[in-house]
Amino acid sequence: VGHPRSYTAIDAVARKHRMQGENVLYPIGWDAFGLPTENFAIKFKIKPQEATKKNIANFTRQIKMLGLGFDWSREIDTTDPAYYKWTQWQFLKFYQSWYDESARRAKPIETLPIPAGIKGKGDAAIRAYQDQYRMAYKAASTINWCPRCKIGLANEEAAGGTCERCGHSVEKREKEQWMIRITKYADRLLDDLDQVDYLEKIKAQQIDWIGKSEGAYIDFRVQSASKTHPIDDRVTVFTTRPDTLFGATYLVLAPEHPYVDTWLKDGVITNEKNVLAYRKTAAKQTEQERLAEEKEKTGVVLGGVFAVNPATQEQIPVWIADYVLGGYGTGAIMAVPAHDERDFAFAKKYELPIKEVVAKKFGEVRSDDVRRDGVAAVIIKNNKVLVLHDEKYDIYRLPAGGYEAKESAEEVLKREIQEETGYKNVEIGNYLGQIEASFDLIFAKGRRHKFQKGFQVKLIDEEKGEMDQEGKTIFVSEWFAKDEALKKFAMNKESWGEEEFIRRAFDEKELCFSGEGTVVNSDFLNGLSTSAAKAKITDWLEKNKIGERAVTYKLRDWVFSRQRYWGEPIPLVHCKTCGYVPVPEKELPVLLPDVDAYEPTDTGESPLAKISSWVKTTCPSCGGKAERETDTMPNWAGSSWYFIRYTDPHNEHALASAEQMRYWLPVDLYNGGMEHTTLHLLYSRFWYKFLWDLGIVPNACGSEPYRARRSHGLVLAAGGEKMSKSKGNVINPDEVVKEYGADVFRVYELFMGPFDQAVPWDTNGIEGVRRFLDRVWHVFQKTEGQKNETSGQNAEFKTDLETLYHQTVKKISEGIDALQFNTCISALMILTNAFQDAGFIPEPFRDGFLQMLAAFAPHLAEELWHEIGHTNSIHRSGWPAYDPGKLQTASFELVVQINGKVRDRFPVSAEISEEEAKIRVLSSPQVQKWLEGKTPKKMVYVKGKIMSLVVE
RNA sequence: GCCCGGGUGGUGGAACUGGUAUACACGAAGGACUUAAAAUCCUUUGCCCACAAGGCAUGCGGGUUCGAUUCCCGCCCCGGGCACCA
């Protein structure tokens, strides 16, 4: 019952827009390559081809049973050779392209400039040079190997050290793999998120996965004390905080760092045994075990070598430790215990020196002002120092010797306020209550820098010298109005937008740990904010050629090979003389051979490698003997572009015609589960951008494939736990449809709760929906013959029904587009109940009511549509419109509040004036009773709603 | 730890840009119809007190406001995602 929920929901959207006369493409297809199908086939000892066929047949039956309005003429199947021909074709495009960094786009490989020196060396050299730049390339890499599934996994599929499919922990293996340079698109995948309308959490996941961080590479010289084994190497580290270089007191390499191999081999390391032992345990450990150890840090110092801190020229020890990851950055870090939590823990454990870098000095603060276990925010003003406790991260720390306030963004803000408003005493702080002195203006800063709508500001009376106990908290908008100078200042800042204003005010921060270690007062960084310090020191590093600006990403290149049978064969041929040669376009698709034995092998080689008749071929380039590539593509391949194929699914000459792509793309609404909001979404965005770069997707379509991405909530079992086969709590739509019918099932799926939230399946709840549809049916039966709309009804009653009808049309028309299906259904229920009370459905509302119902319960609506005399299909009939003038009833219930409490309510005409309303209110006996003879100090009237009286 | 959600009756959940909190539905209780049951229909249903009149309630504590589920500050709890990423 999970899949049908989103199908039904988007079906309602599709049907509504279709009925509104729009051309709607609501497609369905099967992404059937990959592990799930293959494992299923192995388990039941059938061929994956058959498993696919069977499951497609079953899903098709179920979908048709539900009456979903998919366009079956566009049905696709990623395992169909007519489809995967184009998947292979696109792979070849990756192979035959390179990424031009300066143009920020992919281009055909022929356009790659070949350096003169290489040109002279002949074709082989040119080829080798090109191979280094191809978007698809083969490289030996450490991959995640799942011993149970016998498959190499992409990093994305082995997150957390376990196989995404089976949960088994993965091993590291060296393997030649086809890779795709998705990392070249990291910045664009990040930047272009601004263009799209995705759910916030989906955007966050994309950003998170790409994991961009900006900093610098810094070279540390590593030398040996020994005369017999002298070395002078340079270890490069990556850091996001080059400004803390002065505080780097040791270096840590990942255990598998190649330098360690070299030094061991050269006999430089004096404690070889310990080092080897540590490396061995580290290598043996699975990712899972490593993380399971409660983050207890371990490591071994490398005896016989030391590094030199380029800023201080101090000699510092070099360690290996598994808290440094080989695969990220350079696999080496400079440890700055005073400014990094992990380094701090490590330094404490192994008693390594801790040095703190501070930019300036200022006056004293008592040590007990600084919390022992945490940190404190410190801000000074004139001669006073304020210590404000805060959470770990926003820290303006106070060393024992003290330092002067640097000009942080807070300071800038403060200065600007002072200069522009003439206010002298301006303070920016964290906790209002802890500020003792009197100030004119205080910005209170929240824990998370999240001031979306405003923040608290205190205005203190300077003459009194002391703020009164309560203070006066006002909102920004009001604060703007209270003081001309402040208003002017704030108005200027308004052009930043609120967010930018706040970001500027509070974004800059510095991380330190209090009360530990010694302090380095750096003249070099004197008076600089963190970002300015970073820039200054990076400039210095670059100038002296010991470092450079750098950006790193968590995102890695996409491992595109699978050593499994059930996937698209990679359409390349390997020839001893020509290297890898693409299969010519006219020979595509390279068909997956139909074989009996397709189980994965222990050797890690594709099962296809065993089929020599298939493997042996001739080289398309030289005609000599050659072998086919036996790796297949990952299941993500076919699904990376299927939305493009939907626009032109039967095209034999192209993946889709430019005309069709221009007509349909980008996708307006993409709904799916959260399980595809990192990988599939990222891959398909990347894939699309690549095609767009090459002009395969027309420029006019834009660089993002999906305009909006939404996601539906899970359907949970009755107890609120996940449905799973092992728990036996899975509900199959077949059973539900058998008992209640497709329409009840559909409507319940939408009524059960908010579309984007997880909701438990409730067998009682579905009964209510059945009753509702029964009621609809019955009220229509009673309606028959009642052609005269006003028969027996008084005018007021009719007006109410009319108002309700127009309100419902508005609500449902808007609700469907906002994906608020549960309230749409309830609106239909309310209207139905009103019809039932009336005894029948007045003529003018019949068609519209059914048309709205048709979006949710298409079968019943169609049946009743014909019953009331129509001969066309309701699904092509149109969508009801509402009359904005008929949304209000002639009268409304005026609510009277006295001192915030509801004391009376009575109906009044919608046209009543404020004066009249006041008279009516004051003459009410109820109100008079509560007034006890007093006159209200104030009367607030909200038209159509409420009268609020304030009495002393 | 970080990032997203969320916390409202016995239950799933409503509530527009701050304006009658608890729509709609489930469940429960009572009633009508029936020999009886099912189905259907009607009534009641946040809590306290109940004769009425009141009072208290949207996770907790504050604040702003004539008025707060909604805005602000500080917390607590639950779900999901990420995580020794330097």
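Below, chain A is the first sequence line, B the second, and so on; all start at residue 1.
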Mutual orientation of the aromatic rings belonging to W761(A) and Y748(A) [parallel < 30°, tilted 30-60°, perpendicular > 60°]: perpendicular
Pairwise P distance for rG13(B) and rA23(B), with rounding to whole Å: 15 Å
Separation of the C1' atoms in rG80(B) and rC84(B), to the nearest angstrom: 22 Å
Separation between the P atoms of rG81(B) and rC26(B), rounded to whole Å: 33 Å
Check: N899(A) side chain, V951(A) main-chain N or O, donor-acceptor pair, under 3.5 Å: yes
Out of rG54(B), rG55(B), rA83(B), whichever nucleotide has its closest atom nearest the side chain of K901(A): rG55(B)
Spacing of the P atoms in rA53(B) and rU45(B) (rounded, Å): 14 Å
Anti versus syn assignment for rG67(B), with syn defined as within 90° of 0: anti
T236(A) backbone acceptor or donor facing T330(A) side chain under 3.5 Å: yes
Separation of atom CZ in F220(A) from atom P in rA86(B), rounded to whole Å: 17 Å
Smallest separation among heavy atoms of D208(A) and K554(A), with atom names: O-NZ, 4.1 Å
Nearest-nucleotide pick for N764(A), side chain only, options being rC26(B), rA86(B), rC42(B): rC26(B)
Intra- and interstrand pairs of RNA chain B - dot-bracket, Watson-Crick/G-U under 3.5 Å, | marks other strand: (((((((..(((......[....)))((((((.......))))))(((.....)))..(((((..]....))))))))))))....
Near-ring test F238(A)/Y217(A), centroid separation under 6.0 angstrom: yes
Inter-nucleotide P distance (rG62(B), rU43(B)), Å rounded: 42 Å
Rounded distance [0.5 Å steps], CZ in R710(A) versus OG1 in T677(A): 13.0 Å
rC33(B) and rG55(B), which share atom name C1', separated by this distance in whole Å: 42 Å
Touch class at under 4.0 angstrom, heavy-atom based, for N833(A) against every strand present: sugar-phosphate
Side chain of L325(A) (C-beta onward), nearest among rA25(B), rA86(B), rC66(B): rA86(B)
Nucleotide rG54(B), atom C1' - distance to CD1 of I898(A) in whole Å: 14 Å
rG10(B) and rC2(B), which share atom name P, separated by this distance in whole Å: 34 Å
Residue-phosphate contact under 4.0 Å: K201(A) side-chain N/O, rG5(B) OP1/OP2: no
Parallel, tilted or perpendicular: ring planes of W319(A) versus Y350(A), cut at 30 and 60 degrees: tilted
Atom-to-atom span, CG of L804(A) to C1' of rA23(B) - whole angstrom: 12 Å
Nearest-angstrom distance from the residue atom NE2 of H676(A) to P of rG80(B): 19 Å
Base rC84(B) to side chain K297(A), donor-acceptor N/O within 3.5 Å cut-off: yes
D343(A) and K297(A): CA distance, side-chain angles, deciding distance, salt bridge (Lys or Arg N to Asp or Glu O under 4.0 Å) verdict: CA-CA 9 Å; D343(A) 297 341; K297(A) 307 243 175 325; over 6 Å; no
Backbone N/O of T249(A) and side chain of N309(A): donor-acceptor pair under 3.5 Å: no
Touch class at under 4.0 angstrom, heavy-atom based, for Q897(A) against every strand present: base
Most 5' of D208(A) and G765(A) on RNA chain B, judged by nearest nucleotide: G765(A)
Closest to the Q205(A) side chain, choosing from rA25(B), rG81(B), rG54(B): rG81(B)
Basic-acidic side-chain contact under 4.0 Å: E749(A), R746(A): no
Pair F751(A) and F856(A), ring centroids less than 6.0 Å apart: no
Separation of rA68(B) P from I946(A) CD1 (nearest whole Å): 10 Å
Touch class at under 4.0 angstrom, heavy-atom based, for E767(A) against every strand present: nothing
N or O in side chain of R775(A) less than 4.0 angstrom from rA25(B) OP1/OP2: yes
RNA chain B: 5'-proximal contact among M829(A) and V902(A) (nearest heavy atom): V902(A)
Rounded interatomic separation in angstrom, taking OH from Y323(A) and P from rC84(B): 14 Å
Sugar-phosphate, base or nothing in reach of K203(A), heavy atoms under 4.0 Å: nothing
Distance, P atom - from rA83(B) to rC3(B), rounded to whole angstrom: 16 Å
Spacing between R771(A) atom CZ and rU40(B) atom P, to the nearest angstrom: 5 Å
N/O (side chain, R903(A)) to phosphate O (OP1/OP2, rG55(B)) under 4.0 Å: yes
Value in whole Å for how far the C1' atom of rC66(B) lies from NZ of K934(A): 16 Å
Protein-to-nucleotide contact annotation, 5' to 3' order, nucleotides 6-17 of chain B [B base; S sugar-phosphate only; - none; under 4.0 Å, heavy atom]: ------BSS-B-
Touch class at under 4.0 angstrom, heavy-atom based, for S213(A) against every strand present: sugar-phosphate
Sugar-phosphate only, base, or nothing, as touched by V895(A) at under 4.0 Å among non-hydrogen atoms: base
From CD (Q205(A)) to CG (L679(A)), nearest 0.5 Å: 9.5 Å
Which nucleotide in rG55(B), rG19(B), rC84(B) has an atom nearest any side-chain atom of W930(A): rG55(B)
